[in-house]
Amino acid sequence: MNRLEQRIPEPELMEDEAQARAYAEADFSAPNAQFIELFREKFPGFSPPARVLDLGCGPADILIRFARAFPGCQCVGVDGSKAMLQPGIEAVRQAELSGTIELRCCFLPGPELQQDEKFQVILSNSLLHHLPDPQVLWQTILESGAPGCRVLIMDLCRPESMEEARRIVETYSGAEPEILKEDFFNSLLAAWRPYEVRDQLRLAGLDFQCDLVGDRHLAVWGVLP
């Protein structure tokens, strides 16, 4: 068995148009719906209005779901890949949420988020495993979150072995195009485990919780002081 003691990094950005198109067309409805339900579960007292930031928003499906679940929020989604953002711009338009959701091409850390903008909610899904330096995510949260900001991060969790990674890919993406299946496999190999993320949080000085939320995902949640 090929054990995965150490993560195997993958490219930080998904800039290939074929990759981006496959990702945008894939069915992520189950984990994306789970993300919204996790937010409800972890922050039961939340109610709009609020400014919401989605880091690594990709094609914006989670932001669209969030805006529909919590009407009255003003949402900003950022992603470093123009190819990933393009289908998101169209999805926001079709959802008739252009006045609610703004998408920006932004490479973290970037000047676009180092102004006087502060957010009451910060979200991120499947960004952490792409970053060469995970502290970029945690420091961006510290810089961009207002006092009392609610934070929810979800990402993949690295399996115990290559064989387990292949099994997960076939279980959840067996019918998807090969390009997406290979991306999923590489992302699993690049993912962190909960104890590694807890070390990152301690280094950043963030008193957040981190735990598994399924057989392939972990979540981080907490409130900024």
J.: Using the benzene-type ring in the case of Trp, are the ring centres of F184 and Y172 under 6.0 Å apart?
T.: no
J.: Thinking salt bridges, do E163 and R166 make one under a 4.0 Å N-O criterion?
T.: no
J.: Run the ring pair (Phe, Tyr, Trp, His ring centres under 6.0 Å) test against F35 and tell me which residues pass, sequence neighbours left out.
T.: none
J.: If you group Ile, Leu, Val, Met, Phe, Trp and Tyr by side-chain heavy-atom gaps below 4.5 Å, do W221 and L55 land in one group?
T.: no
J.: Does CD in E96 sit with more than 12 non-hydrogen atoms of other residues, nucleotides or ligands closer than 6.0 Å?
T.: no
J.: Do the side chain of N32 and the main chain of I62 share a donor and acceptor less than 3.5 angstrom apart?
T.: no
J.: Look at the side chain of K118 and the backbone N and O of E143, then say whether any donor-acceptor pair between them is shorter than 3.5 Å.
T.: yes
J.: Report the residues that fulfil salt bridge (Lys or Arg N to Asp or Glu O under 4.0 Å) with R7, sequence neighbours left out, ordered by chain and then residue number.
T.: none
J.: Apply salt bridge (Lys or Arg N to Asp or Glu O under 4.0 Å) to D133 and list each qualifying residue two or more places apart in sequence or on a separate chain.
T.: none
J.: Identify the heavy atoms of F208 and V223 that sit nearest to each other, and give their distance.
T.: CE2-N, 3.7 Å
J.: Does either side chain, that of Q200 or that of E196, offer a donor lying less than 3.5 Å from an acceptor on the other one?
T.: no
J.: Using a cut-off of 6.0 Å, state whether more than 12 heavy atoms not belonging to Q94 lie near its atom CD.
T.: yes
J.: Do F119 and V76 have side chains that approach each other closer than 4.5 Å (heavy atoms only, starting at C-beta)?
T.: yes
J.: For residues 52-67, pull every pair meeting salt bridge (charged side-chain N to carboxylate O under 4.0 Å, His left out), keeping only residues two or more places apart or in separate chains.
T.: D61-R65
J.: For the CG atom on D207, are there more than 12 heavy atoms of other groups (residues, nucleotides or ligands in this structure) within a distance under 6.0 Å?
T.: no
J.: Would you call P59 and M84 a side-chain contact if the rule is heavy atoms closer than 4.5 Å?
T.: yes
J.: Holding to salt bridge (Lys or Arg N to Asp or Glu O under 4.0 Å), I want the full list of residues that pass it with E102, two or more places apart in sequence or in another chain.
T.: R104
J.: Could you please spell out the steps behind the side chain to side chain contact (heavy atoms under 4.5 Å, CB included) verdict for L128 and V220?
T.: CA-CA 11 Å; L128 182 60; V220 177; 5.8 Å; no
J.: Any non-hydrogen side-chain atom of E41 less than 4.5 Å from a side-chain atom of Q34?
T.: no
J.: Test your reading of the model: is there a side-chain donor-acceptor pair from D155 to the backbone of H129, 3.5 Å cut-off?
T.: yes
J.: Among residues at least two apart in sequence or on other chains, which ones pass salt bridge (Lys or Arg N to Asp or Glu O under 4.0 Å) with R51?
T.: E117
J.: Classify the ring geometry of F46 against F66: parallel below 30°, tilted from 30° to 60°, perpendicular beyond 60°.
T.: tilted
J.: Does the R216 side chain pair with the main chain of R158, one donor and one acceptor, at a distance under 3.5 Å?
T.: no
